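Just so we're on the same page: letters track the sequence lines, and every chain starts at 1. Computed from a prediction, not measured in an experiment: that's the story for all the values here.
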Amino acid sequence: MATPFSSQLVNLLAAFLLLLAFAMLSQRRVLTLIKMFAWQGAALAASTLIVAYSTDQKHLYFSAALTLVLKVALIPWALHRLIDRLNVRWDVETLINIPITMLIGIGLAIFAFALATPIAQMAGTLTRSTLGIALASVLLAFLMMIVRRKAVPQVIGFLAMENGLFFAATSATYGMPLVVELGVALDVLVGTFIFGIFFFHIREQFDSLDIRHMEKLKED
Amino acid sequence: MTTATGIAFQLLQSVFVVLAAPLLLGWVNQCRAWLQNRSAPSLLLPYYTLAKLFHKDAVIAHDASPLFRLTPYVLFGCMWLAAGIVPVLATDLPFAPAADIIALVGVFALARVFAALAAMDIGTSFGGLGARREMLIGFLAEPAMLMTLFTAAFISGSTQLTTIVETLAHREFAIYPSLAFAAVAFGMVLLAENARIPIDNPATHLELTMLHEALILEYSARHLALIEWAVAIKLFAYLTIGFALFAPWGIAAAGDWGTLPLAVAALALKLALAGAALALVEAVLAKMRLFLAPEFLSTAFLLAVLGMLIHFLVQG
Amino acid sequence: MSGSPLTGSLVALLAWLAIAALSLLPGRDAWFARRLAFPLGALAGLALAAFGLQAAWAPVAQMTLPLGLPDLPFHLRLDGLAGFFLTLLGAVSAGVTLYANGYFRDETSARLTLISLQYHVFLASMALVVLADDAYLFMVAWETMALSSYFLVTTDHRLPAVRSAGFLYLLIAHLGAIAILLSFGVMHGGQGDYTFNALRAAELTPFWATAAFLLAFFGFGAKAGMIPLHAWLPEAHPAAPTPVSALMSGIMLKTAIYGMVRVIYDLIGGVRWEWGLLVLAVGAGTTLFGVLYALMQHDLKRLLAYHSVENIGIILLGLGMSMVFVGFGQTAAGALGLIAALYHTLNHAVFKALLFLGAGSILRLRGLRDLNDMGGLIRTMPNTAFYFLVGALAISALPPLNGFVSEWLTFQTALQAPLLEHGVVRSLLPLFAATLALAGALTAMCFVKVYGIAFLGQVRAPRHPVHAPAAGAGRDCGGAERMGMAWLAAGCAVLGLFPASFLLTLNRICVALLGGGVPESALESSWLWLVPTSAAQASYSPVIFLAVIVAVTWLTFLLVRRFYHGRVRYSHPWDCGYPEQTARMQETADAFGQPIRHVFGPLYLMKRHLPAPDDPAPRYSLRIEDRHWYLLYLPVARLAEFVSAKIGLLQRGRISIYLLYSFLTLIGLLVFVR
């Protein structure tokens with residue numbers, strides 16, 4: 001059984017996406033994290049483009065372009081500005097033990113693959129085998145949000161999660177209708193800015209972006 | 001394939017690897033010198049060094065046991081054996097079925113254990129330090145290495161390097177994401193196992209930072225020459241294992257004299273590229289703190305595992 | 001039918017019992033126990049090994065002994081599986097017993113008599129465990145084994161540490177025995193017939209089958225030393241006299257593996273893959289735990305005991321993979337896993353007994369058990385050093401010795417994973433194999449530490465000797481000890497170099513147990529090659545491997561000699577410009593474990609004492625403790641104490657109150673049976 005070349009390329013990009021998800025999980029530096037997020041966006045855009053070309057789905061071209069503009073250029077740029085303004089550029093986070101996080105990550109990946117296999121068999125698309133990877137990226141991004149202590153990496157985790165969902169949509173059903181995608185993209189953009197504003201407030205309040213301080217808000 | 005030509009090929013390859021290995025080392029050193037904007041030493045410098053060492057009188061500590069004097073020969077023997085197993089020039093060598101990739105990892109482990117034991121033999125504090133660090137790198141690298149090899153074994157359904165090469169070389173062109181992961185993992189293990197930057201610095205002689213050099217601190221003259229030569233063969237063997245798994249094109253079949261020149265040319269090209277790449281990696285990276293090595297190698301392990309999982313998912 | 005191998009094994013077993021009884025003979029200086037008992041015991045062991053090997057190829061033999069309770073005779077049965085374990089028992093015990101003859105040379109007559117009695121009863125009871133064919137005899141033999149080994153462990157019962165180790169051992173052994181008994185109870189399902197034939201025939205619902213499996217796994221696991229029931233092992237092994245440690249670690253733990261295989265594959269039958277996953281998970285945990293704690297030890301016998309825990313884990317990994325494959329209906333791959341597990345059982349018995357004997361020689365002749373006291377022993381004990389090196393290389397799974405073969409087979413089993421239908425299980429198997437790879441490399445590190453510190457380097461001044469060095473210190477061990485170790489070292493080599501014929505035998509056992517095995521054509525092709533499935537898939541030839549490595553090493557030596565010269569000058573080692581080097585500056589066992597403590601820090605419970613900066617007599621101390629003590633054992637002990645205290649309230653010390661209890665019980669019973 002020879003899989004067509006385009007689908008091989010998508011598989012490769014999917015693997016790259018997963019690799020980036022793991023790399024983000026283990027990354028200590030905020031700046032590198034943003035760079036990786038941009039790379040993830042680029043991989044996403046490329047894979048969407050390939051799917052669009054090989055299945056001749058016009059609207060996917062738009063989503064590819066949208067991803068490129070939004071996730072490779074706009075949001076990373078905004079995040080860069082944000083950390084410059086907040087002056088958290090050199091934040092090196094101490095995570096909970098990285099190898100343990102990685103092991104949990106591997107467990108999640110196996111779980112996601114197991115979950116996706118029956119669904120993938122139902123989907124008739126060319127790229128169905130990447131569904132597991134998409135699911136795994138979502139879960140890994142979620143894990144990243146849980147184990148991070150600083151606010152900026154958490155937001156990146158949130159955005160990465162959206163990347164995974166987008167990829168899942170492309171691979172399972174050749175993408176959502178354009179209107180939905182536009183809406184989601186707008187939501188993400190607005191979300192990022194709202195987060196940015198929140199950061200400033202959090203920092204004003206606590207002099208730090210360490211979200212452990214938020215625990216103080218609880219009323220006893 | 002008649003047995004006689006098979007054995008001729010086998011001997012040819014073994015001798016070729018042993019003789020060519022220092023050349024590879026010379027090439028890597030040359031490339032690195034260029035990258036560092038130094039004037040490069042001669043390509044043949046490793047040979048001169050070996051010849052110089054062989055002609056000297058060996059100096060051995062009073063307390064040395066027979067194990068200490070035996071070890072250089074065992075190391076050299078192990079690496080020579082490895083050079084016989086890996087399909088460097090040709091597949092289907094008569095000796096290849098005697099050891100598969102798992103046994104190959106075993107050979108490297110055997111060599112490592114002997115080197116570490118010899119280092120502890122004299123009873124100096126540096127020997128013990130080197131042995132401890134070498135074993136640390138070893139136990140981290142071995143699982144990663146095996147997982148890498150497992151990925152290739154799952155794709156080709158075999159742990160025989162010959163079969164792996166034949167399956168991978170003669171398939172229709174396809175991108176295996178799992179192999180790409182495994183290749184990166186393999187590269188990281190290669191750096192660690194061969195005591196290259198970022199894990200170890202082959203050029204250092206500062207006691208506190210060295211790994212491999214601390215291990216062989218007590219050796220001199222012909223013993224040291226054998227060990228250095230074994231190190232060169234090990235690097236050569238690792239690179240050729242990498243070619244066998246990830247770039248198996250252009251290799252000859254045993255007994256087929258016609259394709260041999262092509263195989264030699266392909267090998268030379270691949271080695272030149274890989275050597276240059278190695279030098280580039282070493283020029284770009286800095287040596288890591290010793291206790292970052294576990295992180296480096298667990299990343300390699302993770303990549304290998306991911307490769308395997310992706311293989312099961314995408315191709316399964 | 002009473003086949004000849006069965007009769008022969010029975011005779012060998014009786015010979016052990018007879019030796020045990022004869023040891024009690026009064027006589028000057030216990031001459032029988034001192035001169036004859038152990039050599040004869042070794043002979044009986046050899047005979048047993050021969051009969052066991054024969055039994056693997058003979059038809060199944062059964063026998064009913066006119067012993068036991070009325071209506072409940074003892075049944076014996078000798079099939080391939082039992083034959084294999086008899087071979088293991090006989091062959092390994094032969095080496096250990098030979099060694100014991102020399103080791104116990106300096107004991108007093110009274111002690112020697114008792115040791116010889118318990119020692120041979122212990123051997124006979126292990127043989128009986130393997131031969132038993134009904135639950136009743138099995139439990140009798142199992143308990144005899146536990147009790148005789150308990151008495152052997154507490155040979156030095158005057159030391160409080162030994163007494164408490166023995167108590168812990170007895171306690172966990174009995175917890176295990178209860179679980180095994182319950183498992184038999186579940187399996188027989190209320191028919192009142194406890195022969196294994198009846199248990200085999202009993203049809204169990206999946207629920208009850210799983211219950212029986214869990215009980216048996218727990219019960220046998222307690223004996224085998226799997227986590228979290230391993231706590232007795234590192235206490236009891238160092239406490240026992242060394243040949244006994246060798247027997248317990250080498251053979252007695254393996255009777256538990258025998259029990260697992262017998263009960264799970266043979267008696268319960270219908271193996272489910274979920275069970276296999278449980279076994280795999282426990283096995284992986286046991287493997288890693290064992291080796292990581294072994295790396296932290298500086299008491300040599302304790303270290304070896306932790307390695308026994310690790311190797312039990314490796315066996316469980318093979319067994320678990322086999323169960324997974326069998327559960328999915330892949331009999332051939334399942335057989336491969338079972339072969340790997342059984343072969344590792346044999347290999348571990350051989351090399352671990354050898355290592356214990358080496359440790360015993362150091363203990364007896366030098367009075368040393370702490371690695372940090374040893375050093376440079378290779379110069380004064382070259383024979384022991386050589387045999388220990390063989391054992392160390394074998395346990396480190398280095399080719400071409402035997403430990404590598406069984407690990408290789410386990411890896412090959414894991415590589416059969418694509419045969420499985422279930423996606424998750426399929427991706428889990430190679431991960432368990434990675435655990436094995438990690439453990440193998442860690443073992444190599446641990447034995448580099450042991451060998452490098454004890455045998456290599458410079459002689460250290462002992463700081464914590466167990467006793468003064470034996471008379472004529474500076475000697476190597478005597479002839480009997482040397483023969484015992486040579487026998488086991490030869491075993492390591494033969495099992496490593498010629499595995500194919502042994503595997504053929506094991507394959508027969510698998511065919512009998514699973515109804516299918518590895519294709520014989522592959523195994524049979526040649527004694528030189530080890531081919532588990534097909535030559536294109538994997539092959540390994542230890543003989544050629546060794547021949548080439550020796551030839552190449554020799555050739556290098558000759559070439560270097562021929563073209564250069566062999567002159568050597570002797571000098572002081574490089575001192576890095578600091579000339580005051582002493583033997584105390586060498587690497588210690590604790591220093592060698594430092595990177596492990598760093599990498600796996602969260603797994604240990606470390607109690608560190610750092611001196612204050614102005615301390616006049618600074619001392620640094622580090623104790624590594626087992627978390628299981630605090631998480632499992634102590635809470636259970638506290639609970640037991642609490643319950644006992646409550647029950648203790650019943651004790652009033654007045655006769656009339658006790659009579660009242662009996663009276664109330666009687667009334668209660670009368671009401672109940674009304």
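A donor-acceptor pair under 3.5 Å is absent between the side-chain atoms of C/R569 and the main chain of B/I60, judged by distance alone. Put simply, the side chain of C/R379 never gets that close to the backbone of B/A64: no donor and acceptor are under 3.5 Å apart.
In terms of heavy-atom pairs under 4.5 Å with chain B, the best-connected choice from C/Q586, C/M445, C/Q416 is C/M445. Comparing B/R222, B/E218, B/H55 by how many heavy-atom pairs each has under 4.5 Å with chain C, the most go to B/R222. When each of B/T162, B/V59, B/L290 is checked for heavy-atom pairs under 4.5 Å with chain C, B/V59 comes out on top. Contacts with chain B were tallied for C/S571, C/A441, C/S541; C/S571 has the most, counting heavy-atom pairs under 4.5 Å. Of the listed residues (B/L140, B/T124, B/L110), the greatest number of heavy-atom pairs within a distance under 4.5 Å of chain C belongs to B/L110. The choice from B/D63, B/T163, B/I101 that makes the most heavy-atom pairs within less than 4.5 Å of chain C is B/D63.
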One pair to check against side-chain contact (heavy atoms from CB on, under 4.5 Å): B/I102 and C/Q412. What are the steps and the verdict? CA-CA 9 Å; B/I102 304 173; C/Q412 291 298 342; 3.8 Å; yes
Evaluate the criterion side-chain contact (heavy atoms from CB on, under 4.5 Å) for residue pair B/T159 and C/L415; output intermediate values, then yes/no. CA-CA 9 Å; B/T159 57; C/L415 283 169; 3.1 Å; yes
For a side-chain contact (heavy atoms from CB on, under 4.5 Å) check, start with the C-alpha distance between C/L398 and B/V107, then their side-chain angles and the critical distance, and finish with the verdict. CA-CA 7 Å; C/L398 294 174; B/V107 177; over 6 Å; no
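The minimum heavy-atom distance linking C/F404 with B/A103 is given by the pair CZ-CA, 3.4 Å.
Neither the backbone nor the side chain of C/R460 comes within less than 4.5 Å of any heavy atom of chain B. Of the two parts of C/A591, the backbone and the side chain both hold a non-hydrogen atom closer than 4.5 Å to a non-hydrogen atom of chain B. In this structure, chain B has no heavy atom under 4.5 Å from any part of C/F386. Contact annotation for C/I453: both backbone and side-chain heavy atoms come within less than 4.5 Å of a heavy atom of chain B. In this structure, chain B has heavy atoms under 4.5 Å from both the backbone and the side chain of C/V448. Only the side chain of C/I378 comes within contact range of chain B, with at least one heavy atom under 4.5 Å from a heavy atom of that chain. For B/V105, no part lies under 4.5 angstrom from a heavy atom of chain C.
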Side-chain donor-acceptor contacts of residues 69-84 of chain B below 3.5 Å, not counting sequence neighbours, with atom names and distances?
| from | atom 1 | to | atom 2 | distance (Å) |
| --- | --- | --- | --- | --- |
| B/R69 | NH1 | C/Y570 | OH | 3.1 |
| B/T71 | OG1 | B/L67 | O | 2.7 |

Anything under 3.5 Å between a donor and an acceptor, one on a side chain of residues 114-123 of chain B, the other on a protein residue two or more places apart or in another chain? List them.
| from | atom 1 | to | atom 2 | distance (Å) |
| --- | --- | --- | --- | --- |
| B/D121 | OD1 | B/S65 | OG | 2.8 |
| B/D121 | OD2 | B/S65 | N | 2.8 |
| B/D121 | OD2 | B/S65 | OG | 3.1 |

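Judged purely by distance below 3.5 Å, without hydrogens or angles, the side chains of C/S539 and B/Q160 pair a donor atom with an acceptor atom.
With a 4.5 Å cut-off on side-chain heavy atoms, C/P595 and B/R133 do not count as touching.
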